[in-house]
Amino acid sequence: MATAVRDVSIFGEAIAYFNEAADLLELDSGMRRILTHPTRQIIFSIPFQRDSGEFEVFTGYRVQYSFARGPGKGGIRFHPGVTLDEVTALAFWMTWKCAVVDLPFGGAKGGVTCDPATLSSSELERITRRYAAELVEVVGPDKDVPAPDVNTTPQVMAWFMDTYSMHVRQHQPGVVTGKPLEIGGSRGRVEATGRGLTICALDQMEQMALDPAKARIAIQGFGNVGMYAAKLFAERGCRVVGISDVTGAYYNEKGVNIDDASAHAFKHRSLEGFTGGERIGNAELLTSECDVLVPAALENVFNAENAAKIKAKLIVEGANGPTTPEAAGIFKERGIVVIPDIMGNAGGVTVSYFEWVQDRMGYFWKEAEVNERLEDILLTNLREIRAIASKRGATLRTAAYTLAIDRVVKALKLRGIYA
Ligand code: GLU
């Protein structure tokens, strides 16, 4: 779904959430100043030649927001809506996401302003290789470790890893995560974000006495996050009543057959033409009858206009930044519980961390081991967030930021400011 054009800074809005938690922590103004400035923002041109012979120039970004807790970590997004403001906000969120699940990473994010739907595979490869080549000095297993994000696949990670390894004249699988299994990827990484989301959702549903066998779930987005979340919800016996992608939304009160939907999406590369549910509008899906709502597409999905109309009791954020601060205020007032992005979609980066660990050891785990460790990390930290929320009377989002900021601040204070 296209991001609505809004005249506000996404990074500015992200800072609003930060400030709420910083107030709870009574963080001093100096620390606030440090934490609301990215460490490094890199912008560069990516000239490339189309298959037709024509030359074009795209813009590439990498924002390394924080190194306080370890190397930078965060995906690379290929999308027409990529801007420096968006990449900075996403790098800022990665900082808190890694901290909230206690991974030894800082936060970073990258992107290229382009539309992969209009690019051939070899054009995509040339863009990826040039993007990687521009970043050779500033990425690496101990510097900054990219990963997939919107429109970037394990194949894109393979090209990135190969380009980097060629430049440094050394096999370096740990420079990126989300790689194919054959070249140092981790079992369970592809499904990890969706799996993490369902782990958090089911645990929260138990708290709210929402019976998984009866709860109706609607999911916006049918990419790597939404599709695997839908599959795993269905596997646990939940009824996924609504799904959507850029081409439209599909609602079925009896439950959409997720195997059919994913087979359709794989075959046609979208849900267009899917007949397993009534076709409704994308906006309608968000306000449809459901108990659990999962935004798993892009930013700014819930806003001042639609927040009052949402019927779900629980929202689990698969996308980064789907809720504007105005909508968050309305949800709080209406008693709608939100598992925030930095917790709800942290399964992906957690298994990225496992991949990085396995690459460094050169020893690979069975899928069951990956999934077990993932569940342990997510539930331990989700429960900690819940305890903070009830102690402080805060939302789960503010509690998650509080936990994450506290961890980053402790690291910063121990290290001190180098001058
Ligand atoms: N792009 C994913 C995210 O937003 C994964 C990042 C990673 O694995 O480093 O969390």
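Read the numbers this way: they start at 1 and go in the same order the structure lists the ligands and their atoms.
Shown here is Q49, whose CD atom has more than 12 heavy atoms of other residues, nucleotides or ligands within 6.0 Å.
The distance from ligand 1 to the heavy atoms of G74 drops below 4.0 Å at these ligand atoms: 9 (O). For ligand 1, the atoms lying closer than 4.0 Å to a non-hydrogen atom of D149 are 1 (N), 2 (C), 4 (O). Of all atoms in ligand 1, numbered sequentially from 1 with element shown, those under 4.0 Å from a heavy atom of K97 are 3 (C), 4 (O), 10 (O). Of all atoms in ligand 1, listed by their number and element, those nearer than 4.0 Å to a heavy atom of P148 are 1 (N), 2 (C), 5 (C). Listed by number with element, the atoms of ligand 1 under 4.0 Å from a non-hydrogen atom of R189 are 5 (C), 8 (O).
A salt bridge does not link E182 to R187: none of the charged nitrogens lies less than 4.0 Å from a carboxylate oxygen. One finds no salt bridge joining E235 and K231 here, because no Lys/Arg side-chain nitrogen approaches an Asp/Glu carboxylate oxygen to under 4.0 Å. For the pair R397 and E317, the salt-bridge criterion is met [side-chain N within less than 4.0 Å of a carboxylate O]. In summary, D162 and K179 do not engage in a salt bridge, as defined by a charged side-chain N under 4.0 Å from a carboxylate O. A salt bridge links D203 with R386: at least one charged nitrogen is closer than 4.0 Å to a carboxylate oxygen. With salt bridges taken as basic N to acidic carboxylate O contacts below 4.0 Å, none links D291 and K311. With respect to the salt-bridge test (charged N to carboxylate O, under 4.0 angstrom), the residues K97 and D341 do not qualify.
Residue N320 touches ligand 1 through its side chain alone, judged by heavy-atom distances below 4.0 Å. Of all the heavy atoms of K109, the ones lying under 4.0 Å from any atom of ligand 1 belong exclusively to the side chain.
Residue M94 places a heavy atom under 4.0 Å from ligand 1.
Checked by distance only, ligand 1 and A147 stay at 3.5 Å or farther apart across all their nitrogen or oxygen atoms. Polar contact with ligand 1: present for K73 (N/O pair, distance under 3.5 Å).
Given atom 8 (O) of ligand 1, the protein heavy atom at minimum distance is S352 OG, 2.6 Å.
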